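All remarks here apply to the structure that follows.
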Amino acid sequence: MKTDQGNTQNRLNGVKKVKTYFIVTYGCQMNEHDSEVMSALLEGLGFSPAEELEKADLIIINTCAVRKKPEDKVASLLGKLAPLKNINKDLIIAVTGCMSQQREMAVHLKERFPFVDLITGTHALPRLPSHITRIMEIKQRKTIVDIEEDYAKREGLPVKHSSFFKAWLPVNYGCNNFCSYCIVPYVRGKERSRKMDHIIEEAKILAEKGYMEITLLGQNVNSYGHDLPGKPTFAALLKEMDQINGLARIRFMTSHPKDLSSKLIETVARGEKICEHFHLPVQSGSDRILKLMKRQYSREKYSSLVREIRKAIPNVSVTTDLIVGFPVEMEDDFHETLSLLEEIRFDNAFSFLYSPRKNTKAALLKEEISHQDKEKRLGKLNNLQHRISKEVNETLVGKTVEVLIEGTSKNNPDMKTGRTRTNKLVHFPASGELTGLLVRVVIKEARTWDLIGEVE
Ligand code: SAH
Ligand code: SF4
Ligand code: F3S
């Protein structure tokens with residue numbers, strides 16, 4: 001394991017201070033996983049984790065470009081980092097990930113924040129160690145920019161998992177869908193699946209190390225395998241995963257409705273470890289908007305898919321993503337989304353204000369709605385969904401659920417927090433070190449975002 005190298009260096013260096021790193025991660029689980037890979041690569045170079053950002057010798061900001069908000073956060077954080085360079089002359093600052101993968105953005109960041117030493121995109125992950133080594137060797141530093149697309153060498157990189165009981169496991173990278181509003185295909189590149197053997201092997205190693213839960217990751221896990229010899233399906237992969245001894249739970253995200261097969265639903269229904277939860281982003285309830293979004297399914301197709309899932313898997317939870325204020329979303333279209341929420345009754349929904357992304361098709365559409373109206377719609381939609389989430393959660397009161405304990409509750413040291421197989425948060429009174437254990441909990445109270453219970 002490469003981290004041993006770091007420890008040895010630790011001991012040998014003695015007087016010389018060991019270099020430390022700190023990674024700030026924005027965006028989705030895939031980005032979090034990339035940060036775990038970067039941590040392992042840096043520890044392979046002899047770095048160790050810093051307790052605080054201000055004390056680190058290397059600061060990496062792993063960015064997200066999906067909406068304007070996370071991009072703004074990066075700019076504001078970078079603004080605050082400049083003075084740190086005056087305190088520590090050797091401090092290295094790097095910007096990585098989806099935002100800086102965009103050429104125009106990389107150039108902009110370089111000009112606006114000239115003190116940044118390294119700007120890379122998502123493709124440069126395997127080259128992080130060589131860039132950092134080079135920066136440490138040169139006296140007169142200039143910003144290095146590496147946003148070359150490179151589809152090789154992603155396999156076999158080390159990972160430093162941030163948890164000891166649950167792990168992310170990517171199954172495919174990139175996306176070929178080009179939904180009209182979305183930047184992801186541009187910054188993550190074309191879709192490529194990992195070999196089934198590699199995924200299973202990694203999962204087995206995690207299980208042997210005592211990991212309880214694995215979440216299979218991809219922008220669109222349902223299209224897994226179409227680019228591999230023999231075209232293995234995601235359902236086939238899940239079936240194999242279910243056979244791995246030691247694991248308690250297998251999750252997957254995100255599912256694209258257009259590629260979700262009946263075979264997959266059947267596999268989840270029959271699976272022992274595969275959790276009864278689908279995160280199935282719908283984005284809008286209006287057929288007109290779905291078409292303009294290039295989602296490739298109709299409202300009816302989506303509803304019937306959810307009906308099929310619910311029929312096959314009792315107690316399944318279904319969550320979704322919604323975009324409010326797509327440039328030409330009329331009041332009628334918005335009402336279609338509200339009526340879809342009433343019809344489907346999702347367990348939970350993540351709703352976002354539409355944010356125009358440069359170079360996407362939707363960015364060319366004329367904005368027909370004011371920001372104020374968009375906010376109003378978002379408020380209405382959230383109110384409706386909050387009521388539904390609470391009502392759905394109330395049906396669990398009095399029932400016993402299996403909970404994987406994730407830690408002590410943030411707000412109350414006497415409570416533990418965990419998740420059900422359906423991915424609902426549960427808080428319950430308990431003491432001691434129980435993280436990573438499974439318990440059975442009786443639900444006593446339902447709230448919008450979580451449940452309160454007692455150990456059975
Ligand atoms: N691959 C996943 C989603 C990745 S992005 C999928 O296809 O389902 C996560 C969510 O961000 C999307 O589901 C969408 O709801 C939202 N999103 C993406 N682009 C957006 C934009 N330009 N403005 C607002 N929300 C956006
Ligand atoms: Fe974006 Fe659509 Fe791909 Fe999801 S499926 S990442 S929303 S382009
Ligand atoms: Fe994820 Fe944001 Fe990139 S959502 S894929 S980190 S643009």
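Order of appearance sets the numbers: ligands from 1, and atoms from 1 within every ligand. Just so we're clear, the structure is a prediction, and the values are computed from it rather than from any experiment. Heavy atoms only: backbone and side chains are in, while hydrogens, waters and symmetry mates are out.
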Checking a contact table here: which protein heavy atom is nearest atom 22 (N) of ligand 1, and how many Å away? Ser355 O, 2.8 Å

Specify whether an N/O/S atom of Cys179 falls short of 2.8 Å from atom 2 (Fe) of ligand 2. yes

Minimum heavy-atom distance between Gly325 and Glu329, given as atom pair plus value: N-OE1, 3.0 Å

How long is the gap from CZ on Phe326 to CG on Leu353, to the nearest 0.5 Å? 14.0 Å

Counting only heavy atoms, which portion of Met99 has something under 4.0 Å from ligand 3: side chain, backbone, both, or neither? neither

Distance alone, cut at 3.5 Å: any donor-acceptor contact between the side chains of Thr215 and Gln29? no

Any heavy atom of Met293 sitting closer than 4.0 Å to ligand 1? no

Which of the numbered atoms in ligand 1 are under 4.0 angstrom from any heavy atom belonging to Tyr354? 23 (N), 24 (C)

Closest non-hydrogen protein atom to atom 3 (Fe) of ligand 3, residue and atom name please, with distance? Cys98 SG, 2.2 Å

Looking only at protein heavy atoms, identify the closest one to atom 8 (O) of ligand 1 and say how far it is in Å. Pro281 CG, 3.0 Å

Within-cut-off N or O pair, Gln219 and ligand 1, under 3.5 Å: yes

Strictly under 4.0 Å, does any heavy atom of Ile183 approach an atom of ligand 1? no

Within 45° of the six-membered ring axis of Phe352 and under 6.0 Å from that ring's centre, is NZ or CZ of Arg67 located there? yes

Geometric class of the His277/His279 ring pair [parallel <30°, tilted 30-60°, perpendicular >60°]: tilted

The protein heavy atom nearest to atom 24 (C) of ligand 1 is Leu353 O, 3.3 Å

Check each heavy atom of Cys175 against ligand 2 and say whether those closer than 4.0 Å belong to the side chain, the backbone, both or neither. side chain

Does ligand 1 have an atom that lies less than 4.0 angstrom from a heavy atom of Val184? no

For atom 7 (S) of ligand 3, the closest protein heavy atom turns out to be Ala65 N, 3.3 Å

Give a yes/no verdict on whether any heavy atom in Gln219 is under 4.0 Å from an atom of ligand 3. yes

Per-atom filter on ligand 3: closer than 4.0 angstrom to a heavy atom of Asn31 are 6 (S)

Does any N/O atom on Asn220 come nearer than 3.5 Å to any N/O atom on ligand 1? no

Those atoms of ligand 3 less than 4.0 Å from some heavy atom in Cys64: 2 (Fe), 4 (S), 6 (S), 7 (S)

Protein contact to atom 16 (C) of ligand 1 [nearest heavy atom, distance to 0.1 Å]: Arg67 NH1, 3.2 Å

Look at the aromatic rings of Tyr297 and Tyr302 and report parallel, tilted or perpendicular, splitting at 30° and 60°. tilted

Who's the nearest protein heavy-atom neighbour of atom 15 (O) of ligand 1, and how far? Gln283 OE1, 2.7 Å

Once you restrict to heavy atoms under 4.0 Å, what part of Met30 touches ligand 3? Side chain, backbone, both or neither. neither

For residues Trp168 and Leu216, determine if any side-chain heavy atom of one lies less than 4.5 Å from a side-chain heavy atom of the other. no

Provide the number and element of each atom of ligand 1 under 4.0 Å from a heavy atom of Asp321. 9 (C), 10 (C), 12 (C), 13 (O), 15 (O)

Which of the numbered atoms in ligand 1 are below 4.0 angstrom from a heavy atom of Arg357? 22 (N)

Out of all atoms in ligand 2, which are within 4.0 Å of some heavy atom of Val184? Include the element for each. 6 (S)

Measure the acute angle between the ring planes of Phe234 and Phe252, then classify it against the limits of 30° and 60° as parallel, tilted or perpendicular. perpendicular

Atoms of ligand 2, numbered as shown, that sit under 4.0 Å from any heavy atom of His256: 5 (S)

Can you list the atoms of ligand 1 that are under 4.0 Å from a heavy atom of Val66? 5 (S), 18 (C), 19 (N), 20 (C), 21 (C), 22 (N)

Nearest non-hydrogen protein atom, atom 1 (Fe) of ligand 3: Cys28 SG, 2.3 Å

Would you say the side chains of Lys258 and Asn177 form a donor-acceptor pair under 3.5 Å? yes

Side-chain donor-acceptor contact under 3.5 Å, Glu36 with Ser162: yes

Distance only, no hydrogens: is a donor on one side chain within 3.5 Å (strictly under) of an acceptor on the other, for Ser286 and Ser284? no

Which bit of Pro185 gets closer than 4.0 Å to ligand 2, counting heavy atoms only: side chain, backbone, both or neither? side chain

Could you tell me whether some N/O pair between Thr254 and ligand 1 is separated by less than 3.5 angstrom? no

At what distance is the nearest protein heavy atom to atom 7 (O) of ligand 1, and which residue and atom is it? Arg295 NH1, 3.6 Å

With heavy atoms and a 4.0 Å threshold, my read on which part of Tyr181 contacts ligand 2 is side chain

Below 3.5 Å, N or O to N or O, backbone or side chain included: is there any such pair between Tyr181 and ligand 1? yes

